[in-house]
Amino acid sequence: MKRFINDSKKYWEVAKYSAKSTLKSEVANSHLSWLWWILDPLLFMMVYSFIALIVFGKGEKYFAAFVFIGLSSWDFFSKTVKQSVRLVSQNSAIVSKVYLPKYVLIYTQMMVNGFKMLVSYVLVVGIMVIYRVPVSYNLIYMIPLFLTLFLMTFGISAILLHFGVFVDDLFNVVNVLMRMAFYLSGVFYNIANRNVPEPYASLLLKCNPIAFIMNELRKCMIYSVTPDLRLLAFWFVMGIILSVIGVNCIYKHENSYVKVG
């Protein structure tokens with residue numbers, strides 16, 4: 001743990017600089033530049049709203065904010081997790097020449113995707129103001145919910161980064177699993193509001209951390225409801241455990257990553 005903390009402090013600026021460079025390169029050749037960071041979630045929100053309201057004829061109260069919260073959280077999680085599988089191979093030119101704790105590459109991706117998620121949540125706040133969504137003290141629970149989201153994302157990503165070096169087809173497997181998880185996470189529908197029959201709804205919320213986090217963020221942000229604190233504590237601890245496992249795997253085997261790559 002001491003080594004992890006020291007290395008994180010030592011290479012934090014490296015990760016931050018890399019994240020800034022990645023964000024700048026993404027918009028360097030685009031006519032709309034940073035506006036794409038707003039248009040991308042906005043257009044997806046419109047698509048999912050059309051599917052839910054027009055095709056299926058169902059929707060939730062404050063539906064635009066409902067979809068934005070789910071989509072923004074999901075994009076951060078899924079993009080980071082999928083990208084982590086190939087981080088070592090895609091950065092082989094760097095990791096083969098200078099020492100860098102490989103999980104620092106995850107920090108970079110989390111910063112990039114986290115910045116985009118922040119932009120999306122600014123839009124959520126705008127929608128809440130437009131629709132006059134009532135707010136309460138429950139907004140404070142956003143902090144532990146986001147911390148849990150970051151921990152779970154980092155832990156899963158660290159484990160996948162390690163195995164992604166040795167298993168060539170892991171990216172394809174993860175890609176398929178993430179597609180399935182997307183439809184099981186309630187991104188554009190409410191798992192807990194009779195859209196999913198019992199006992200499946202409870203199982204999804206208890207066994208799928210991203211579904212739980214999205215559901216609880218919606219509860220505290222737009223419905224003024226206190227999250228399930230016991231389940232939140234459980235997933236927070238699980239995030240720590242997964243992070244410890246992932247970091248230990250990386251430290252133990254990172255010297256062999258260059259040989260495999």
Side-chain angles (χ1 to χ4, degrees), residues 1-2 4-5 8 60 66 68-82 84-85 103 106-107 109-110 113-114 117-118 121 124 136-163 173-174 177-251:
M1 178 59 71
K2 185 178 180 180
F4 170 72
I5 294 174
S8 294
E60 296 293 322
F66 178 92
F68 248 124
I69 291 171
L71 186 61
S72 303
S73 305
W74 171 259
D75 277 351
F76 169 79
F77 174 76
S78 64
K79 288 180 180 178
T80 305
V81 167
K82 287 192 289 187
S84 68
V85 180
Y103 57 80
I106 301 175
Y107 288 166
Q109 295 304 319
M110 290 183 69
N113 296 324
M117 181 173 66
L118 176 62
Y121 269 92
V124 172
S136 70
Y137 70 91
N138 286 294
L139 282 177
I140 197 172
Y141 290 111
M142 290 174 61
I143 298 173
L145 283 166
F146 277 122
L147 287 175
T148 303
L149 174 62
F150 295 150
L151 275 172
M152 289 298 303
T153 302
F154 177 78
I156 294 172
S157 296
I159 293 172
L160 291 177
L161 179 147
H162 167 68
F163 287 103
V173 174
V174 170
L177 291 175
M178 294 304 287
R179 288 181 186 177
M180 181 174 66
F182 173 83
Y183 294 105
L184 295 177
S185 297
V187 176
F188 58 93
Y189 65 93
N190 193 339
I191 293 176
N193 193 23
R194 299 180 181 177
N195 288 331
V196 179
E198 292 291 354
Y200 305 109
S202 296
L203 285 174
L204 284 176
L205 292 175
K206 291 179 180 179
C207 301
N208 184 344
I210 188 62
F212 168 76
I213 292 170
M214 284 192 294
N215 187 66
E216 304 308 296
L217 279 170
R218 288 161 172 163
K219 284 167 61 176
C220 71
M221 290 182 68
I222 59 179
Y223 300 132
S224 299
V225 177
T226 302
D228 185 334
L229 298 181
R230 287 190 298 178
L231 201 52
L232 174 58
F234 169 78
W235 285 119
F236 184 84
V237 172
M238 283 300 299
I240 294 175
I241 293 173
L242 291 174
S243 297
V244 170
I245 293 173
V247 170
N248 283 336
C249 284
I250 291 172
Y251 273 140

The criterion is side chain to side chain contact (heavy atoms under 4.5 Å, CB included); which residues satisfy it with [X], sequence neighbours excluded?
X	answer
Ile213	Thr148, Leu149, Leu217
Ile140	Ile143
Ile156	Phe77, Val81, Met152, Leu160, Leu242
Asp228	Phe212, Glu216, Arg230, Leu231

Who are the side-chain hydrogen bond (donor to acceptor under 3.5 Å, both in side chains) partners of [X], not counting sequence neighbours?
X	value
Ser157	none
Ser224	none
Tyr141	none

Rounded to the nearest 0.5 Å, what's the gap from [atom1] on [X] to [atom2] on [Y]? Could you check?
X	Y	atom1	atom2	result
Asp75	Thr80	CG	OG1	9.5 Å
Ile222	Leu139	CD1	CG	11.0 Å
Asn190	Lys219	CG	NZ	10.0 Å
Asn215	Ser73	CG	OG	11.0 Å
Asn113	Lys82	CG	NZ	10.5 Å
Leu71	Met214	CG	CE	9.5 Å

Ignoring hydrogens, what is the shortest heavy-atom contact between [X] and [Y]? Give both atom names and the distance.
X	Y	value
Tyr121	Met221	CE2-SD, 3.8 Å
Ile191	Ala211	CD1-CB, 4.0 Å
Leu145	Pro227	CD1-CG, 4.2 Å
Cys220	Met142	SG-CG, 3.9 Å
Gly246	Ala158	CA-CB, 3.7 Å
Phe146	Met117	CE2-CE, 4.0 Å

How would you list, by chain and number, every residue that makes a ring pair (Phe, Tyr, Trp, His ring centres under 6.0 Å) with Phe4, sequence neighbours excluded? Tyr103
Please identify each residue that fulfils ring pair (Phe, Tyr, Trp, His ring centres under 6.0 Å) with Phe150, with sequence neighbours left out.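 So Phe150 forms a ring pair (Phe, Tyr, Trp, His ring centres under 6.0 Å) with Phe76.
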Report all side-chain donor-acceptor pairs from residues 232-239 shorter than 3.5 Å, counting only partners two or more places apart or in another chain.
none

Residues 178-186 side chain polar contacts: donor-acceptor under 3.5 Å, at least two apart:
{"residue": "Ser185", "atom": "OG", "partner": "Ala181", "partner atom": "O", "Å": "2.6"}
{"residue": "Ser185", "atom": "OG", "partner": "Asn208", "partner atom": "ND2", "Å": "3.1"}

With ring centroids as reference points, do Phe154 and Tyr107 lie under 6.0 angstrom apart?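 Yes, the ring centres sit under 6.0 Å apart.
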Give a yes or no on whether Lys206 atom NZ has more than 12 heavy-atom contacts from other residues, nucleotides or ligands under 6.0 Å away.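 No - once you tally the heavy atoms of other residues, nucleotides and ligands closer than 6.0 Å, there are 12 at most.
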Passes side-chain contact (heavy atoms from CB on, under 4.5 Å), Asn138 versus Val225? Steps please. CA-CA 6 Å; Asn138 286 294; Val225 177; 5.7 Å; no
